[in-house]
Every structure is written in structure tokens, then in C-alpha cells.
Amino acid sequence: MSHENFRLALFASGNGTNAQAIYKARQDGRLGPISPQVLICDKDCPALRWGQDLGLASYLVKPRDYPDRKSHEQAILDLLQDHTIDLIALAGYMRLLTPLLVGAYEGRILNIHPALLPEFPGTEAIERAYEARVPFSGVTVHLVDEGMDSGPILAQKKVDLVPGQSLDDFAAAIHRVEHQLYPATLASYAQKLAQA
Ligand code: GAR
């Protein structure tokens, strides 16, 4: 791997706002040695259309086109190798990874989660924190292992839940922090890898 340039794959299943924030950070010179090369989606989703419109190499790799999880991930791994990818950012990619991908990219897969892990892992973390009337929640960026939103934490940032705040406003505040914290954490993690 080049220590000057980390070739990044973005993985998404949804709106793709985090993938867009990472891409924009690169354009603005805020992504350190990382350059996004590829977008991988497991379903037809707004993120995929964004990548295609941009002209980013964008792949739809649907689990149901493969007999099992392992062969689905092997197809993804083949794409990553074709594009000589060094680093992966899960950006709202709503599938657990298997040992195949986690093993091939150990310490090189990051994820963002819209809560202060280990609180509220899994889906709908913003809604669940809101309904629990917590005084604050936040955002976590962590390394990925085979568990659900587990793996060593790299960065966290708190977001207050203001009394009387609507769920929409709370979600928007969380997403604003995500869009800042994820690119910044990716950049600093890549700097650390480059110096290792
Ligand atoms: C983000 O809020 C991300 O933190 C969350 O999915 C959303 C994707 O939004 N991820 C998880 O909940 C992972 N467990 P986006 O597609 O607009 O980036």
C-alpha cells in the first residue's frame, strides 16, 4: 500500500449523505491522504444514484443474486481488489460483514453510528435515543469487526437532546455532527496508518 494515498471504498445502503460528506471533504482538501475511488451499495438506493450521477465507479451488489453471504462478500472483495482499495468506510451500510471482508481488511474498515456506542447499537438509534428521552446522545466512529456496531472506538461526539426538541431537529443535529466527524476521523486515522 502506498503511504501517500489511501484508496477508499464507500459502502452505503441509504441516502448516502455521509458518503457525500466524505467525498466533499476530499474536494475541499480535508481528507488527508485519502481518495474515494469506489461506491458499493447492497440495494438500489439514493446513494447509488448519487455515485452514478457523479461518475464515481458505483456498484450494486445485491445479496439475493448470490447463494450465500460468503459469495456475496467474495464478489465485493473481488471489486475492491480490482480497484486496489486500501481503506473502507461504511456509510449507512446496513449489513453485518463476514470474517472474509473483516479479515482481508483488518483495522482498515471504519463505520459511523448515530449514537454514543455502546448505547443504542443497531438500527433506528436516533429514534430510540429520542424516545428514551436521554439528555444527550451523539455520534461514534469506530473500527469494524464482525459484530453489530462493535469494534474499537476511534472518535465520539456528544449531541444534546434539547427539551421539547422535535425528532426531526434532533436527527438533523446528529447528522450535522456525523458529516463533520466522519471525514475528520478518516483523515486522522489515515495519517496514523501512514506513520505506522
Ligand atoms: C447514518 O445516520 C449512519 O450513522 C447510520 O445510517 C445513517 C445513514 O445515512 N448508520 C447506522 O445506523 C449503522 N448502524 P446516510 O445514508 O445519509 O449516510
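Read the numbers this way: they start at 1 and go in the same order the structure lists the ligands and their atoms. All residue numbers refer to positions in the sequence shown, counting from 1.
- The OG1 atom of Thr185 sits 10.0 Å away from the CD1 atom of Ile22 when rounded to the nearest 0.5 Å.
- Contacts with ligand 1 closer than 4.0 Å are made by side-chain heavy atoms of Asp149 only, the backbone lying farther away.
- Given atom 16 (O) of ligand 1, the protein heavy atom at minimum distance is Gly16 N, 2.7 Å.
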- request: Before giving the answer on side chain to side chain contact (heavy atoms under 4.5 Å, CB included), spell out for Arg49 and Asp44 the whole-Å C-alpha distance, their side-chain angles and the decisive distance to 0.1 Å.
  value: CA-CA 8 Å; Arg49 284 187 287 285; Asp44 197 357; 3.2 Å; yes

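- Note that the NE2 atom of His142 and the CD atom of Gln156 stand 9.5 Å from one another [nearest 0.5 Å].
- Of the protein's heavy atoms, Gly92 CA, 3.7 Å lies nearest to atom 6 (O) of ligand 1.
- For atom 17 (O) of ligand 1, the nearest protein heavy atom (residue, atom name, distance) is Thr17 OG1, 2.5 Å.
- For the atom pair Asp86 CG and Ile34 CD1, the distance stands at 9.5 Å (nearest 0.5 Å).
- Close to ligand 1: His175, with a non-hydrogen atom less than 4.0 angstrom away.
- Annotation: atom 5 (C) of ligand 1 to nearest protein heavy atom, Pro114 CD, 3.7 Å.
- Among all non-hydrogen protein atoms, the one lying nearest atom 9 (O) of ligand 1 is Asn18 ND2, 3.9 Å.
- In terms of protein heavy-atom proximity, atom 4 (O) of ligand 1 is nearest to Glu178 OE2, 2.3 Å.
- In this structure, atom 10 (N) of ligand 1 lies nearest to the protein heavy atom Ile112 O, 3.6 Å.
- In this structure, Gln20 does not count as a contact residue of ligand 1, since none of its heavy atoms falls inside 4.0 Å of the ligand.
- Atoms CZ and OH, on Phe11 and Tyr59 in that order, are 12.0 Å from each other to the nearest 0.5 Å.
- Because its NZ or CZ atom is both nearer than 6.0 Å to the ring centre of Tyr130 and within 45° of the ring axis, Arg133 counts as a cation-pi partner of that residue.
- The closest approach between Gly122 and ligand 1 falls below 4.0 Å for a heavy atom of the residue.
- Atoms CZ and CG, on Arg176 and Leu181 in that order, are 14.5 Å from each other to the nearest 0.5 Å.
- Annotation: atom 13 (C) of ligand 1 to nearest protein heavy atom, His113 ND1, 3.6 Å.
- The line from NE2 of His113 to CG of Asp149 is 4.5 Å long, rounded to the nearest 0.5 Å.
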